[in-house]
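Scroll down for the structure; my scribbles are underneath it.
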Amino acid sequence: MARAVQFDDRVDTQTELTTGQTLSLLGRSIGFLRQVRMLFVGKVVFAVVAVFPLLLTPWILKIVVDQVVLGQPFEATEARTPVFLQPFVNAIRDLPPSEIMLAVTGLLLLLLFLFGFRAPPAEQVTADGMALGFDSATQ
């Protein structure tokens, strides 16, 4: 008598997927997104906006070093300012270094107010870990 195929409903015994199976699963997942299209678009927009402060950081540091500390004019550097920062640079172009620093500080405070500290709670714990009772293992 032939041996019946074993079936275990608790464990997936065939973990290898073919390319066709993978693409069909992706297509099925995209099909689910049709029902919540606007939520998905909103999530993508907010994810792109959340990257904005990280894109500003090197350019803000460049302005502080070049124009505030070294006192160079904006035209002295060869690096072109990115399009998204150009309105801010145009607004502070003719200011003295101390006022440029005040404007940069104001911009950073505005970004802090809009986006927060950008440090998830898991990164705010100390090196020794969380105090007793605050993690799931000791509750």
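In the hydrophobic clustering of this structure, V51 does not group with F46; members are Ile, Leu, Val, Met, Phe, Trp, Tyr whose side-chain heavy atoms approach within less than 4.5 Å, directly or through other members. Hydrophobic clustering keeps L61 apart from L85 (ILVMFWY residues linked when any side-chain heavy atoms are closer than 4.5 Å, directly or through intermediates). By the criterion of side-chain heavy atoms lying less than 4.5 angstrom apart, applied directly or through intervening Ile, Leu, Val, Met, Phe, Trp or Tyr residues, V41 is not grouped with V36; the two fall into different hydrophobic clusters. Note: the hydrophobic cluster containing V83 does not contain L55 (ILVMFWY, side chain heavy atoms under 4.5 Å, direct or indirect links). The cluster map of Ile, Leu, Val, Met, Phe, Trp and Tyr, joined by side-chain heavy atoms under 4.5 Å apart, puts L102 and L112 in different clusters.
Within a 6.0 Å sphere centred on CZ of F40, other residues, nucleotides and ligands contribute 12 heavy atoms or fewer. Counting heavy atoms of neighbouring residues, nucleotides and ligands inside a 6.0 Å radius, atom CD of Q35 does not exceed 12 of them.
Side chains of L56 and L108 form no contact here, defined as non-hydrogen atoms less than 4.5 Å apart. Residues V104 and V68 have side chains not in contact (no heavy-atom distance under 4.5 Å, counting atoms from C-beta outward). By the 4.5 Å heavy-atom criterion applied to side chains, I100 and F74 are counted as neighbours. In this structure the side chain of K43 never reaches within 4.5 angstrom of the side chain of L39, judged on heavy atoms.
Atom CG of L114 and atom CG of L109 lie 11.0 Å apart (nearest 0.5 Å). Note that CD of Q21 and CG of L25 are 7.5 Å apart. Values are rounded to the nearest 0.5 Å. Interatomic distance, M101 CE to I92 CD1, rounded to the nearest 0.5 Å: 10.5 Å. From L33, atom CG reaches atom CZ of R28 across 12.5 Å, with rounding to the nearest 0.5 Å. Put simply, CG on L26 and CD1 on I30 are 6.0 Å apart, with the number rounded to the nearest 0.5 Å. Taken from CH2 in W59 to OG1 in T81, the straight-line distance is 6.0 Å, to the nearest 0.5 Å.
Between the Q67 side chain and the V64 main chain, no donor and acceptor come within less than 3.5 Å of each other.
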